[in-house]
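Reading through the structure tokens given below for one structure.
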Amino acid sequence: MAQEYAIELKGITKTFGSVVANNNIDLNVRPGEILALLGENGSGKTTLMNMLSGIYKPDRGQIFVDGKEVTIDSPEDSKRLGIGMVHQHFKLVDVFSAADNIWMGREKSGMLLKKERYAEIEEMAKKFGFDIDPKKKVYNMAVSEKQTLEIIKVLYYGAKVIILDEPTAVLTVQEINKLFQILRRMKEEGHSIIIITHKLNEVMEISDRVAILRKGEYITTVNTSQTNEQALTEWMVGHKVDLNIQRAPMYKTRPLLEVRDVTIRSDEGAVAIDNVSFYIRGGEILGVAGIAGCGQKELCEAIAGLRPIEKGEMIHKGENIVGLPPRAILEKGISMSFIPEDRLGMGLAPSMSITDNMILKKYANSRGPFVDRKTGRKDAEQVIRDLGVVTPSTETPVRRLSGGNVQKVLLGREIKAGPNVIITAYPVRGLDINSSYAIYNILNDQKQDGVGILFVGEDLDVMIDLCDKILVLCHGKVMGVVHAHKTTKEELGLMMTGALDLTHKYEDKPAGFARDSRFCTENRKEEA
Amino acid sequence: MELDKLGVVTSFVHNIVVYNIPLLYGTVGEIVVEKSGSLNLGVEGIMAVGAIFGYICGCYANSLGVGIAVAFLAGALCGLLFAALTVSLQANQNITGLTLTTFGLGVYFFVGNGLKAKGWPVMGDYANIKAGFSDLPIPVLSDIPLIGQGLFSHNLLVYLGIFIAFVMWWYLNRTTPGLKLRAVGENPGAADSVGINVKRMKYLHICLGCGIMGIGGYYMGLNMSGSFNSSCWINGYGWIAVALVIFANWNPAFAIIGTFVFGFFNTLRVSGSSLAAAFPGVLGWLAAVPTQLYQALPFLITAIVLVASSVRNKQGSGLPASLGLNYFREER
Amino acid sequence: MKFHIVKRDNCPLWKKCCLYLAAVVIALLLGGALLIALGVDPVAYYTRMFTMGTIGNKIAYKVWINYLKELVPLALVSVALSLAFRMRFWNIGGEGQFILGAIAAAFVAFKTGAGLPNALTLILMCLAAMLTAGIYGLFVAALKVKFGTNETLMTLMLNYVALYVLMFLGETKADWNFFLDAGSARPVFASFTELASFPGIPMGGKFSLNICVILTLVIGILVFVYLKYTKQGYEIAVVGDSAGTARYAGMKVNRIVLRTVFLSAALIGLAAAFKVGTAGILSTSITDDVGWTGIIVAWLSQLNTGVIFVVSALICVLHYGSTVAAATFSQVDSSFANMLQGVILFLVLAADFYTRFKIVPVKKGGK
């Protein structure tokens, strides 16, 4: 008798210290179906899947494979049970060839490392419909090649259940289409596929059923054909997406920061930001939308002076700031807070206290050789009080705070410094709704005080409600700048994928600028 | 007179091999350990432990084979300790290695001095050991004039050392377990995710490598004819081995060449003056070179190699990418 | 019931202390068992060792003077190393830096001669030692910053280069070599003049407290203040915690690394000047392995300046006490101390695991 489910999870709970990552989660996958695992960042999707792949062990709960209860203590167990996972950060040995990366996990492969392995791997890849060069070293591969290799790897080990963790985040549109074709074919061959994502359009396109997690809790599983994006979003975020963020009125003032024809390279040397121009006025929030990895990080770093600018100008209050050291840019009142995936990477020193993190940017300003912690402590107390940071004391190391509180500390410090430009990237990443609103309110208050804000965001609903204008990036190019109250999610989505380019919509204006950009052009003439 | 000069050259070549093979054992052992991603700074101590137990047990059993086996086991036990602390208990590898050196030298002198007070086994009294450690000329090759006696007439442990180096090279580069081991040293996360048992691989190879070092220590004791005095038999060779690993670019076959390069300087230190006396015209200047320069050269050369390889592109280096980092699967 | 290992957020201080204490006690018990096997009363042995033979000893003051002579370099080197370690710069070149410092100090001691007053000679010795060792450290740091050269392996190699330079000076009889005693036919290091040795302060009785002890304590306090309260100390903490954050806050990370490693190496040089200045002579074993032991002390103290003094004091008791005990109990070799130290450290390393991780049972069954 064929079992109904290939994989069934019952009551899985996993905690990291005091953080509950997964709470009592049930999940199942049928043979030959594609299940989308949907949830916001930090909702526990990856943690849950890592328990299937043997990286984590659940604190509590049962796992059934083909109806039989199993214990997965290691990736070895997981592999033996026919579960394969393509991790978001690829697990490949850079100095090995493609074939060796696959070969190294083969069981009963004999003692000798024969030359024939290249031919065997290549042939096997062909059988699954892939074309790879088995001798190519991983460090010479493009991202999509590495992903293909990972998929071939799990197929080769005979995985019946394949888990993909945000596979589309790093791919181009064409590559995504190709990936989806592969997934459909694998499904036809009887594989079960779990795909982790937070992109609704992909969920609708590829999946048979959708399971939704929210803040570590299991919400529901529905058939994709019987639902729509609106309903999924509601489940994902918990209530109807009437965000109701009060957009503060905006007064036109002169541009505070103007970016002209700027080109920036990424760490790998590729062009990350390609000839981009825009400006931020005092008292406005300019949103930056785009698929992950479209140059947002590089742009933020370049404005803060952390990354060299290959070409172009950045005018702050009429002065070019290109080439200035980070500290000089800071002193001009440009504050950058970038919240990376691990939250603590840039902007905070995790094992130092809140007080010590408060003084991070201004410790050098006090007189004499000593650090002024007295003011720092006062600032810390004020931020804790004003933003409602939950912490035992001002001397608690930042890493012991919860995600929302960490972000409040970070933003609180930036605001305390009294900047005139705030650059903030993903400030609500992984936060619950209440914490997110607290952050939005902070930003709105700043805006009303005349601060120009560059808001790099992920959630389009939020951006439409919060921002005044939205700049859309696609692979380092500007697709246009639109008024938030006039645009739609669909329009933004099309621009993000590169399907819609508004930069040439109005011929008499600088490329892609919203209506009031003429203001800017006039300014330029005045300066000249 | 001519013949005597030839004799000086032959014995010079012979000495390069005889006195420096322990370096090869130490280096090959350390390469095996480092390829699993562990930086073990305890080579000196491990060699000392292997030496003292190997020597004593070998003598009492009057068997070279027992000596080798015990030296290997003693080294492997040290490796087990290192692995338990760094792999299972996530201890800092540098600290554990340094402690292992202190501990190993402590054990060496404690056992040695203790036994010396009770009656030290003199190597000359054990015929089998003496015979086992005598030269076994390779037919034909050892008859080549000038270098034949120098290169192809050696004791069993010399051949064994070179054999182990080649086997380890083959093992690392031409076998599947070798491939898995390299994967562990490069990226334990990736190795783990394809079902390689990272802990077992690390334990096994740390013990194997340390066992090989132990044999090297035993060799050094035999070379000194087992005479036990205030300075340790290993005498810094363990540290040179750590340097040699870098010089050999983590390749056991290159380690053979490296051993002879380092051994060349080492031997010049001892017999540079006799070369100078035999060839006053060409090599007379050798007598004026301070011996300490020869001793410092291996480290100096390695330092230069280290800088050069860091200036160059990293991709070609044999340095395991996760060397010195402990692996904890649930790391977030 | 199955178990698995998870990371701990933090471990209360009392628990840490108990774990470490338990490790030391177990190590002593193991050592005791070995002593019993050798026919030695472990209580008597340990008593002699931990009191370093000061009880009922008329010349106990000498013991204390010699003990402090060992303690000063070790404590200072450990403090110095902790500076670099705080930035995750794994300077294991304490040996080499110490040797170069010692040579520089000896150079000044021999060259300045009788012309200068005592204090000035000593200050010059310290400065020369600090500068030489500091530049040596700076060199490695510059390679690390510029090319990413592995500093652990690099400092390890240079330790031996420095050692053989010292041995060259100590074993080469030549006209230019003023380091050696001209009166001796065999190469032996010459002693310094009285002017080049650090004075002691009489403390009543025959015990006199060497000025180096006081200086070391003062430096310890200064380093503590430097790390905790100054801007530069704050920079070190941020760079060590997250280099990305430091850069973002406008810190010049490379400069901070270079500056701190220079300071760390210079303090090691200073320790060397103190050592030769109290010994009054160079020696090829001048370092007494402080470069190695210092690493272990710094790590054991978790880079905490105050704790470093406590730990190094204890390690010195172990070292010094075992020599004293070895003289009384002839059955036990003095290398017993090294073994005991090794076992203590192994167990402390194991105990450390329980302060960072905890073992929790896996519960079965869902709802």
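We use all heavy atoms of the structure for the numbers below, so side chains are in, but hydrogens, waters and symmetry mates are not. Every value quoted in this text rests on a predicted model; they were computed, and no experiment measured them. First the proteins, then the strands, lettered A, B, ... as listed; each starts at 1.
Looking only at side-chain heavy atoms (C-beta outward), B:Leu98 and C:Ile295 come within less than 4.5 Å of each other. You'll find the side chain of C:Met157 reaches within 4.5 Å of the side chain of B:Ile246, heavy atoms only. Residues B:Leu41 and C:Trp292 have side chains not in contact (no heavy-atom distance under 4.5 Å, counting atoms from C-beta outward).
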Passes side-chain contact (heavy atoms from CB on, under 4.5 Å), C:Met154 versus B:Val307? Steps please. CA-CA 8 Å; C:Met154 193 67 195; B:Val307 176; 3.7 Å; yes
Test side-chain contact (heavy atoms from CB on, under 4.5 Å) applied to B:Asn92 and C:Trp299, step by step: CA-CA 9 Å; B:Asn92 180 306; C:Trp299 179 84; 4.0 Å; yes
Please determine whether side-chain contact (heavy atoms from CB on, under 4.5 Å) holds for the pair B:Phe103 and C:Ile344, giving the CA-CA distance in whole Å, both sets of side-chain angles, and the decisive distance to 0.1 Å. CA-CA 10 Å; B:Phe103 177 74; C:Ile344 291 177; over 6 Å; no
side-chain contact (heavy atoms from CB on, under 4.5 Å) between C:Phe346 and B:Leu85: does it pass, once the steps are laid out? CA-CA 8 Å; C:Phe346 287 141; B:Leu85 284 168; 3.2 Å; yes
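Close placement of the C:Phe357 and B:Phe328 rings is indicated, their centers lying within 6.0 Å of each other.
Residue contact with chain B, scored on non-hydrogen atoms closer than 4.5 Å, involves the side chain of C:Ile92 exclusively. C:Leu143 touches chain B through its side chain: at least one heavy atom from C-beta onward sits under 4.5 Å away, while N, CA, C and O do not. Interface residue C:Leu34: only side-chain heavy atoms are found under 4.5 Å from chain B. Contact of C:Leu156 with chain B is made through the side chain alone, with heavy-atom distances under 4.5 Å. Only the side chain of C:Thr152 comes within contact range of chain B, with at least one heavy atom under 4.5 Å from a heavy atom of that chain. Contacts between C:Leu163 and chain B at a heavy-atom distance below 4.5 Å are absent for every atom of the residue. Contact of C:Val343 with chain B is made through backbone and side chain together, with heavy-atom distances under 4.5 Å.
Closest of all the heavy-atom pairs between C:Phe353 and B:Ser88 is CE1-O, 3.6 Å. Considering all non-hydrogen atoms of both residues, C:Leu158 and B:Ala303 come closest at CD2-CB, 4.4 Å. Across all non-hydrogen atoms, the minimal contact from C:Leu349 to B:Ala91 is CD2-CB, 3.9 Å. B:Gln90 approaches C:Arg356 most closely through the heavy-atom pair O-NH2, 2.6 Å. Heavy atoms only, all atoms of each residue included: C:Thr149 and B:Ser310 are closest at OG1-OG, 2.8 Å.
Options C:Ala350, C:Ala162, C:Ala337 differ in how many heavy-atom pairs under 4.5 Å they form with chain B, and the most are formed by C:Ala350.
Taken from CD1 in B:Ile95 to CG in C:Leu300, the straight-line distance is 7.5 Å, to the nearest 0.5 Å.
Annotation for C:Lys146: atom NZ does not count as buried by contact number, only 12 or fewer foreign heavy atoms lying within 6.0 Å. In the displayed structure, C:Tyr46 atom OH is contacted under 6.0 Å by more than 12 heavy atoms of other residues, nucleotides or ligands.
Contacts with chain C (heavy atom to heavy atom, under 4.5 Å) involve these residues of residues 237-245 of chain B, listed by number: B:Trp239, B:Val242, B:Ala243.
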